[in-house]
Amino acid sequence: MTALPNSTVIAVIGAGTMGAGIAQVAAAAGHSVLLYDAMDGAAAKGRDGVARTLSKRVASGKMDQADYDALIGRIALADSLAALAPAGLVIEAIVERLDVKQSVFSQLEDLCGPEVILATNTSSLSVTAIGAGLKRPDRLVGMHFFNPAPLMALVEVISGIATDPAVAQAIYATAAAWGKKPVQAKSTPGFIVNRVARPFYAEAQRVYQEGAASPATIDAVMRDCGGFRMGPFELMDLIGHDVNFAVTNSVFDAYFKDERFLPSLVQKDLVDAGWLGRKTGRGFYDYADGAEQPQPHTAAPCPAPQAVQVQGVVALTALLDAKGVAYTRDGGEGTLTVDGVLLLPSDGRMATEVAFEEHETEVVVYDLALDWLTAKRVAIAAADQASPQALITATGFFQSLGLAVSVVEDVAGLIVTRTVAMLANEAADAVLQQVATAADVDLAMTKGVNYPRGPLAWAEEIGLDGLLFTLESLFETFKEDRYRPSALLRRKVMGGTRFYD
Ligand SMILES: NC(=O)c1ccc[n+]([C@@H]2O[C@H](COP(=O)([O-])OP(=O)(O)OC[C@H]3O[C@@H](n4cnc5c(N)ncnc54)[C@H](O)[C@@H]3O)[C@@H](O)[C@H]2O)c1
C-alpha cells in the first residue's frame, strides 16, 4: 500500500500540544491541512505556536523564509467539523475520553467521503473501543505520535479488531513518507512503548524500595553504566508523577491487574504529597533555587589489585585489554577472581545467594553495562558472608579500569541487570502476544523513548539463556508473578532460536 498522495487534504482535530505538532508534520510533508478545535481561538493559537517555533528556525538560518511561508500557508483554520469534509485523512488529537472521541468520529464518518481514513492519536484508549459505534470501523486506525510530534520519529500505527489492514498499511506508508519511523501494533493496553517501558520506572522504584541505593545513585548507574540517556527518577520527575502514575495504573487496570504492571507505593506517596516532579518544584529531587543536589554514591579510591584471573568468557575482558590490565586466563563460567575475591556479573541472584550456593564467602556481583568500553560507572554488591576487604578489592579493581564505583545493597539483579531483563521480558511477551514484531518493538523503544538499544537486541547480546536464568532467579527470589519469564523466551532458549536471525 502506498502513502496518501500530497494532494490528500489532512484534517487535524484538537490543536493542543499534539494536534498543533501533527499539523506541522503534515504541512511540512506538503499536505494542505485543516486544523480544528472545539475551543474558540484554540486552532489559531495552535497554528501561531507552530509559526513561532518555525520562525526561530528562519531567524537562525535553518529554514528558508519561502519554505516557512509555504508551510504556514498550508495550515488553514476550520471553524466547524463540517468544514473538514474535504479531508482524506482526519487525525484526532482531542481530549482523552472514549465517549467524546466516539461521538466526534461518528459525526465525521457522515460528514466526510466514504474513503476517508479516520485516525486517533489516543495514548491509552482502545482503538477497537473507539471504533465500536462507527458504521465503518474498518476505516479507523490508531496513529500514535510522540511528544513533541515534529521531533520524535516514532509513530505507532495501531490496528483495532475491525481495522482494515489496507488502512493500517496506508497510514504506515504515509507516516514513513512524512519522515517518521512507523511501527505496526495491535490495539492492546499501552500499545508498544507505554507497555514495554513500564519496568524502566517500576524496577528502579522497586530497587529503591528494597533499599539498594538512592535515586541519584540509581540514575547515575542507569546512565553511566546502562547507557540510558536519563535515569528513571529524573525522567519520572520530568514527565510528572501524576502523569506517569496514571499511565501505570491505566495499563495495570487494563491488563486486569496483572502483577507485571503493579504500580509503586513509592510513586503513589509522591502523588499523594503533591510532589509531582519538576512542575511542582519537588519530586524525587528538589528543584528549589539553590537546593543541594544529591550526589550518587561513589566509592573513595582503593588500591589496585595484584592478581586478576579470568575464568571463561567475560564481557569485561574487552576493557581489561583496552586498559592494559594483566590477567591470566583459564576455563570456567564467566567469572573473575581478583586477589581471591570472586567477581561475577549479576545473574539475578543476590551475591549472598551466590556465596551460599557456591560455598564461597568472598563474593561480589557487578552490574550490566551497555558497553564496557564507554561505561563510566559500575554498581557492585558484596555477599553478606564476605569480609570488608572483598568490597575494597572489588572497588580497587573497577577503579583501575577507570570506572567510578557505586556500592549498593545486595538486591537481586542489581539495577541495570534487573531493569534490562524485565524490559526484554515485557518485549518478548508483546511479541508472543502478537502485538508487534521483535524488530518493531525494538524500533519503538529506541525511537519512542530513546533507549540505547532495543530490549530484544540487547537480550540477544546478553544471551537469551543468561537472560532467562536472570528472570528465573528473580522469580525464585520474589515468588511474584511480576517476574515470571515470558514463554517465548523459554521457547527460544530451549529451541536454540533467536528473535533476529
Ligand atoms: N501530550 C502527550 O504527550 C501525548 C502524546 C501522545 C498522544 N497524546 C494523546 O493526544 C490527544 C491530545 O493530547 P494533548 O496532550 O494534545 O491534549 P491538549 O489538552 O494539549 O489538547 C487537546 C485539544 O483538543 C481540544 N478538544 C477537546 N475536545 C474537543 C472536541 N470534542 N473537538 C475538538 N477539539 C476538542 C481542546 O480544546 C484542546 O485544544 C490525547 O488523546 C492524548 O492521549 C498525548
Considering residues, nucleotides and ligands other than Ile161, do more than 12 of their heavy atoms fall under 6.0 Å from its CD1? no

**Study point:** Residue Lys181 excluded, over 12 heavy atoms near NZ under 6.0 Å
**Key:** no

With the threshold set at 4.0 Å, does a side-chain nitrogen-carboxylate oxygen contact exist between Lys279 and Asp242? yes

| said: Does any part of the side chain of Asn425, heavy atoms only, come nearer than 4.5 Å to the side chain of Leu489, both counted from C-beta? | reply: yes

inquiry  = Before you tell me yes or no, could you show the steps for Asp429 and Arg260 under salt bridge (Lys or Arg N to Asp or Glu O under 4.0 Å), namely the whole-Å CA-CA distance, both residues' side-chain angles and the distance that decides it to 0.1 Å?
reply    = CA-CA 11 Å; Asp429 258 2; Arg260 272 280 178 75; 2.8 Å; yes

CG (Asp110) with more than 12 external heavy atoms under 6.0 Å
yes

Look at the rings of Phe398 and Trp372 and say which category their plane angle falls in: under 30° parallel, 30 to 60° tilted, over 60° perpendicular.
parallel

Over 60° means perpendicular and under 30° means parallel, so classify the ring planes of Tyr285 and Tyr287, tilted if in between. perpendicular

Run the salt bridge (Lys or Arg N to Asp or Glu O under 4.0 Å) test on Glu92 and Lys101 for me, step by step, so that the C-alpha distance in whole Å, both residues' side-chain angles and the decisive distance to 0.1 Å come before the verdict. CA-CA 8 Å; Glu92 162 278 309; Lys101 289 190 195 281; 2.4 Å; yes

Next on the checklist: Please verify the inter-ring angle class for Phe228 with Tyr451; under 30° counts as parallel, over 60° as perpendicular, anything in between as tilted.
Outcome noted: perpendicular

### Message
Counting only heavy atoms not in Gln65 (residues, nucleotides, ligands), do more than 12 fall under 6.0 Å from its CD?
### Response
yes

Test salt bridge (charged side-chain N to carboxylate O under 4.0 Å, His left out), reference Glu460, set Lys492, Arg498, Arg453, output is Arg498

- State, yes or no, whether a side-chain contact exists between Phe233 and Ser214 at a heavy-atom distance under 4.5 Å. no

Check: Any chance OH of Tyr208 has more than 12 other-residue heavy atoms, nucleotides or ligands included, within less than 6.0 Å?
Finding: no

_Heavy-atom count check: over 12 atoms from other residues, nucleotides or ligands less than 6.0 Å from Gln293 CD?_
yes

Any Leu276 side-chain heavy atom under 4.5 Å of Leu270 side chain: no

Does a donor on one side chain and an acceptor on the other come within less than 3.5 Å for Gln399 and Thr395?
no

Is Asp237 salt-bridged to Arg282, cutoff N-O under 4.0 Å?
-> no

Closest non-hydrogen contact found for Pro263 with Phe245 is CB-CE1, 3.8 Å

Shortest non-hydrogen pair, Tyr172 vs Val157, comes out as CA-CG2, 4.0 Å

